[in-house]
Structure formats: structure tokens, C-alpha cells
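Written out below as C-alpha cells is the structure these notes cover.
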Amino acid sequence: MDLDGCIVQLENEKQETLEQNAKRPCIRGNTSSEEEEEEGKVVEDTAASDEEEEEEETEDDTDSDEYEWLPPRRLMTDEEIREHRRQVAESNGFDVDWFEGILPGSIKPYTLTEANRPPLIDFSKQALKVYNESNNTTFIFDKLIKSNAQCVAGKMFYITFGAQSGNIHGIFRARVWKKIMDEGSQVMSCEKYIEEHV
């Protein structure tokens, strides 16, 4: 048999299978292999079974009271954009307020939840290690103060944290880039912002 003949035969078999499946009765509910072997066993569609399905669907639906409709967020106004840019320029992204409007690529405060704290602490320690190696110091991470974040092929974190070395306590600012697709992180900068003697 040539290729064209094979294709025609397969198309005919496919059409026969579709026609057979269309004639097959509808079996509702869970069926075991024994039930599938029994021919002619059909569960009829009744109005009562349809009503039961509707009741089950409504029982599975969550109450509308559980969800609160929130209006879509708007874009930042020109005034908000100017204020955001001023704050970023003055603080290098470390002290920026929360703005109601959206601005793609903007820097926003990053909430310090229990889930967010461990990676931010790890990033702070990573940045502090780079700082210590560059400046021949021995600062040890003390506490996480705050963080901002910006979406840039992953996230750029602007982390403010405390560290101590002997009787010197410092407030540090570090920019750490968490790369997209879990490709790791990279310390972009780390500097001592404030130094206090205790």
C-alpha cells in the first residue's frame, strides 16, 4: 500500500472511531473496569440528577462575602511621578514613599513579612561580606531595618540594615539584584550610611 492509501485508511478509521463514540451511551459517575465491560448499562439523565449537580456546584462555590472587590489601580499622576523621582534621586532609592498610582519600573517599599525577612537577611549578609572584603573590616549583621524593591529582570532590593564591629555600630545600605529565573543574586553596592560608637 502506498503512502496516499495509508493516509486514506487512517482517516477512515478515525472517522469510524468518532462515529462509534458518538453512538456510545453516556455513563455518569465513577465506573470500574467491570462496569465498563458490561454492555448496555446506562444511567439516564434525569432532571433530579441535574438538580443535584447544580446544588453541588453552588456548595463548592465560595461565598461572595469572602472576597472584596478592589477597583483597578491607576497610573501615577504627573505630580506623583515628579515626587517619586525626587525621592529616588535624593536617597538613591533607599527612602521612597508608597504611592497609590502605578509606575512601571518604580521603586516601592517592600513589606517585611515573615516570608520576606529570611532572603533579605541573606542578601544583607552577602552585601556585608563584600563590604568587609573591600574595606578590610569585620562587621557582623545585626538587624534588618527596611527594604525597597524594583522590578528589573528579577528584583533589585534596596536594603537598609544594621551591623556591628566591636564598639562601632553602622547602618548600611546595599543594593542586591535577585536575578530572574532563580539565577542567583549579585551585590551591586554596599556602603556604610551612618556610623555610631557604642
Side-chain angles (χ1 to χ4, degrees), residues 59-198:
E59 286 175 7
D60 291 341
D61 292 342
T62 55
D63 294 336
S64 60
D65 295 340
E66 291 182 23
Y67 297 96
E68 181 182 337
W69 182 84
L70 296 173
R73 289 186 53 202
R74 60 173 175 74
L75 294 174
M76 277 191 191
T77 63
D78 290 344
E79 185 179 322
E80 287 174 325
I81 292 171
R82 281 191 294 275
E83 178 60 19
H84 178 269
R85 288 183 177 161
R86 184 191 66 75
Q87 291 181 12
V88 169
E90 287 181 2
S91 69
N92 291 325
F94 290 93
D95 291 317
V96 180
D97 294 331
W98 173 262
F99 289 88
E100 186 60 34
I102 300 170
L103 178 64
S106 63
I107 300 171
K108 301 174 187 162
Y110 193 71
T111 309
L112 300 180
T113 63
E114 289 303 312
N116 291 343
R117 280 180 170 278
L120 290 174
I121 290 171
D122 289 343
F123 294 152
S124 301
K125 289 178 179 178
Q126 182 182 347
L128 196 56
K129 181 180 177 188
V130 169
Y131 178 88
N132 283 335
E133 288 172 0
S134 299
N135 296 283
N136 198 24
T137 54
T138 57
F139 280 95
I140 299 170
F141 175 83
D142 183 33
K143 65 178 178 177
L144 186 62
I145 298 171
K146 66 178 183 172
S147 179
N148 290 338
Q150 177 184 30
C151 291
V152 284
K155 272 196 181 154
M156 180 70 74
F157 290 101
Y158 297 78
I159 309 168
T160 304
F161 62 93
Q164 192 153 348
S165 176
N167 64 345
I168 300 172
H169 184 266
I171 303 295
F172 288 80
R173 288 179 160 182
R175 286 187 312 124
V176 180
W177 177 31
K178 168 101 171 48
K179 299 177 183 178
I180 199 167
M181 303 294 289
D182 291 325
E183 292 290 324
S185 59
Q186 180 178 348
V187 176
M188 305 305 286
S189 67
C190 183
E191 62 185 13
K192 193 178 350 168
Y193 179 58
I194 298 171
E195 182 179 304
E196 303 171 342
H197 290 273
V198 279

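Positions are given from 1 along the sequence.
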Original post:
Taking the side chain as C-beta and beyond, is there a heavy-atom pair between Phe161 and Cys190 under 4.5 Å?
Top reply: yes

Original post:
Would Glu79 and Arg82 satisfy salt bridge (charged side-chain N to carboxylate O under 4.0 Å, His left out), going step by step from the backbone distance to the final call?
Top reply: CA-CA 5 Å; Glu79 185 179 322; Arg82 281 191 294 275; 5.4 Å; no

**OP:** Give a yes-or-no answer on whether the side chains of Gln87 and Asp97 include a donor-acceptor pair shorter than 3.5 Å.
**Re:** yes

Original post:
Would one find more than 12 heavy atoms of other residues, nucleotides or ligands at under 6.0 Å from atom CD1 of Ile140?
Top reply: no

Original post:
Which heavy atom of Val96 sits nearest a heavy atom of Asn148, and at what distance?
Top reply: N-ND2, 3.6 Å

Original post:
Judged by modelled atom types alone, do Thr137 and Ser165 share a side-chain donor-acceptor pair under 3.5 Å?
Top reply: no

Original post:
Got a donor-acceptor contact below 3.5 angstrom from the Trp177 side chain to the Gly184 backbone?
Top reply: no

Subject >> Asp142 vs His169 side-chain heavy atoms within contact, under 4.5 Å >> reply: yes

Subject >> Heavy-atom closest pair, residues Gly170 and Phe139 >> reply: N-CE2, 4.2 Å

Original post:
Per the side chain to side chain donor-acceptor pair (under 3.5 Å) rule, which among Gln150, Arg173, Lys146 passes with Tyr158?
Top reply: Gln150

Original post:
Hey, is CG on Asp182 packed in by over 12 heavy atoms from elsewhere, all under 6.0 Å?
Top reply: no

Original post:
When the aromatic ring centroids of Phe172 and Tyr193 are compared, is their separation below 6.0 Å?
Top reply: no

Original post:
If you draw a 6.0 Å radius around NZ in Lys143, do more than 12 non-hydrogen atoms from other residues or ligands fall strictly inside?
Top reply: no

Subject >> Heavy-atom closest pair, residues Phe99 and Glu83 >> reply: CZ-CG, 3.8 Å

Original post:
Between CG of Leu144 and OG1 of Thr160, what distance do you get to the nearest 0.5 Å?
Top reply: 8.5 Å

Subject >> Interatomic distance, Glu196 atom CD to Ile168 atom CD1 [nearest 0.5 angstrom] >> reply: 11.5 Å

Original post:
Glu80 versus Arg85: any side-chain heavy-atom pair under 4.5 Å?
Top reply: no

**OP:** Among Trp98, Phe123, Phe157, Phe94, find the one that has a ring pair (Phe, Tyr, Trp, His ring centres under 6.0 Å) with Tyr110.
**Re:** Phe157

Original post:
Out of curiosity, Ile107 CD1 to His84 NE2, how far, rounded to the nearest 0.5 Å?
Top reply: 5.5 Å

Original post:
What are the two closest heavy atoms between Ser147 and Ile159, and how far apart are they?
Top reply: OG-CG1, 3.9 Å

Original post:
Does a side-chain heavy-atom distance below 4.5 Å link Leu103 with Leu75?
Top reply: no

**OP:** Please name the pair of heavy atoms, one in Ala127 and one in Val176, separated by the smallest distance, quoted to 0.1 Å.
**Re:** CB-CG2, 4.2 Å

Original post:
How about Ser189 and Glu191: do any of their side-chain heavy atoms sit closer than 4.5 Å?
Top reply: no

**OP:** Working to the nearest 0.5 Å, report the span between NZ of Lys108 and OG1 of Thr111.
**Re:** 11.0 Å

